[in-house]
Amino acid sequence: MNKIIALTILSLVIFTSCKKVNTSNTSGTSSIDNTIYKATTYFAYGFSFSKAGKVATTATPGPDIVLYVNNDTGTPRLTLQASNLNNSFSKVGDYADAASAETAFKNLLTVGSVLWTGQADPVRANQVWLYRTNDEQYVKIRIVSVINETRSSVAFGQITFEWVFQPDGTSTFPAK
């Protein structure tokens with residue numbers, strides 16, 4: 001009987017001392033590209049900040065941002081487009097190197113008064129952008145690296161970006 005009581009107490013101590021892991025992710029480093037896939041229809045993967053991951057353009061709700069290779073001037077350039085059809089991007093700045101861009105990104109603590117545009121164009125390494133979701137939530141984005149090349153006669157683009165999502169709708173980002 002004493003063994004049963006001791007095991008019960010031990011079990012209670014173990015289970016009540018476990019902490020719940022918070023699975024909501026509001027920051028990270030991710031990559032997206034412009035690869036087109038075909039299932040029953042054509043689709044690409046964009047990025048959803050609220051889901052903290054890649055989402056197919058055929059999903060409901062779809063991604064917040066999608067990467068395109070724009071070739072309207074004859075020189076391919078990477079652009080980020082918002083799926084919400086609103087002016088959702090504001091460039092904070094272009095920086096000479098990764099260290100300068102990282103410092104600007106870390107020091108960006110509030111959205112402030114900015115001019116919003118329909119797309120991030122062009123997207124280059126060492127840039128910092130703001131993004132505004134359809135629900136008036138804010139994201140800061142640092143472009144870490146880009147690939148803009150031709151693969152098998154097809155324009156290919158890929159970006160790696162660091163991001164911080166402010167899901168509560170305020171215009172202030174958490175300081176780290």
Side-chain angles (χ1 to χ4, degrees), residues 19-37 43-59 61-70 76-84 86-112 114 116-149 151 155-176:
K19 291 183 180 178
K20 182 179 177 184
V21 176
N22 185 0
T23 57
S24 66
N25 192 5
T26 57
S27 64
T29 301
S30 304
S31 295
I32 57 173
D33 61 45
N34 72 320
T35 302
I36 303 296
Y37 301 90
F43 70 96
Y45 285 101
F47 193 83
S48 169
F49 296 106
S50 62
K51 294 182 191 260
K54 292 181 182 179
V55 173
T57 53
T58 54
D64 290 311
I65 60 172
V66 179
L67 181 68
Y68 288 95
V69 178
N70 191 335
R77 68 187 189 280
L78 302 180
T79 65
L80 284 174
Q81 310 235 339
S83 296
N84 62 22
N86 292 324
N87 288 337
S88 298
F89 295 95
S90 181
K91 184 164 54 170
V92 176
D94 291 288
Y95 300 91
D97 53 44
S100 299
E102 185 174 1
T103 298
F105 181 78
K106 286 181 179 177
N107 290 338
L108 179 59
L109 300 178
T110 186
V111 173
V114 299
W116 298 100
T117 61
Q119 60 187 2
D121 183 20
V123 175
R124 296 186 179 113
N126 303 322
Q127 289 179 328
V128 176
W129 290 87
L130 290 169
Y131 173 77
R132 176 177 59 179
T133 71
N134 202 38
D135 299 331
E136 298 289 323
Q137 297 167 321
Y138 298 97
V139 182
K140 63 179 180 176
I141 302 168
R142 177 177 69 97
I143 308 300
V144 175
S145 65
V146 301
I147 298 172
N148 186 4
E149 63 190 24
R151 293 185 179 176
F156 175 79
Q158 179 183 29
I159 64 167
T160 299
F161 57 98
E162 182 180 6
W163 57 277
V164 175
F165 177 49
Q166 181 54 289
D168 66 8
T170 64
S171 61
T172 302
F173 295 104
K176 287 191 174 185

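Reckoned from all heavy atoms, side chains included, excluding hydrogens, waters and symmetry mates.
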If you apply the rule side chain to side chain contact (heavy atoms under 4.5 Å, CB included), what do you find for N34 with F156, and how did you get there? CA-CA 6 Å; N34 72 320; F156 175 79; 3.6 Å; yes
Worked check of side chain to side chain contact (heavy atoms under 4.5 Å, CB included) between F161 and I32: CA-CA 9 Å; F161 57 98; I32 57 173; 4.0 Å; yes
Show your working on side chain to side chain contact (heavy atoms under 4.5 Å, CB included) between F165 and V139 and close with a plain yes or no. CA-CA 4 Å; F165 177 49; V139 182; 3.4 Å; yes
Mind running side chain to side chain contact (heavy atoms under 4.5 Å, CB included) on F105 and V144 for me, showing each step along the way? CA-CA 11 Å; F105 181 78; V144 175; over 6 Å; no
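A donor-acceptor contact shorter than 3.5 Å is absent between the side chain of T57 and the backbone of F43. Between the side chain of Q127 and the backbone N or O of P122 there is at least one donor-acceptor pair closer than 3.5 Å. Side chain of N86 to main chain of S88: no donor-acceptor pair is present (N/O by atom type, distance under 3.5 Å, no hydrogens or angles). Looking at Q137, its side chain does come within 3.5 Å of a backbone N or O of P167 through a donor-acceptor pair. Proximity of a side-chain donor or acceptor of N126 to a complementary backbone N or O of S100 within less than 3.5 Å is not detected. Judged purely by atom type and a 3.5 angstrom limit, R77 has no side-chain atom pairing as donor or acceptor with the backbone of D121.
Note that OG of S90 and OH of Y138 are 11.0 Å apart. Values are rounded to the nearest 0.5 Å. Rounding to the nearest 0.5 Å places CG of D64 at 13.0 Å from CZ of R132. For the atom pair T170 OG1 and E136 CD, the distance stands at 12.5 Å (nearest 0.5 Å). If you take CG on N107 and CD on E102, they are separated by 10.5 Å, rounding to the nearest 0.5 Å. Between atom CD1 of residue I65 and atom OG1 of residue T133 there is a gap of 12.0 Å, rounded to the nearest 0.5 Å. Here the CG atom belonging to L80 is positioned 5.5 Å from the CG atom belonging to L67, to the nearest 0.5 angstrom.
Ring geometry for Y131 against F49 counts as tilted: the plane angle lies between 30° and 60°, on a 0 to 90° scale. Taking the six-membered ring where the residue is Trp, W129 and F89 present perpendicular rings, their angle passing 60° and hence far from 30°.
Smallest separation of non-hydrogen atoms from A104 and V128: CB-CG2, 4.4 Å. The two atoms that bring Q166 and P174 nearest to each other are NE2-CD, 4.0 Å, heavy atoms only. The heavy-atom pair separating I36 from A44 by the smallest distance is CD1-CB, 4.0 Å. Scanning both residues, S31 and K54, for their nearest heavy atoms gives O-CE, 2.8 Å. Considering every non-hydrogen atom in both G118 and N87, the closest pair reads N-OD1, 3.1 Å. For the pair S83 and P63, the tightest heavy-atom approach, listed with the atom from each and the gap, is OG-O, 2.8 Å.
By the neighbour-count criterion of 12 heavy atoms within 6.0 Å, atom NZ of K91 is densely surrounded, having more than that number from other residues, nucleotides or ligands.
At least one side-chain heavy atom of L78 sits under 4.5 Å from a side-chain heavy atom of V69.
Judged purely by distance below 3.5 Å, without hydrogens or angles, the side chains of D33 and T35 pair a donor atom with an acceptor atom.
Screening L108, V111, T110 for a side chain to side chain contact (heavy atoms under 4.5 Å, CB included) involving K140 leaves a single residue, L108.
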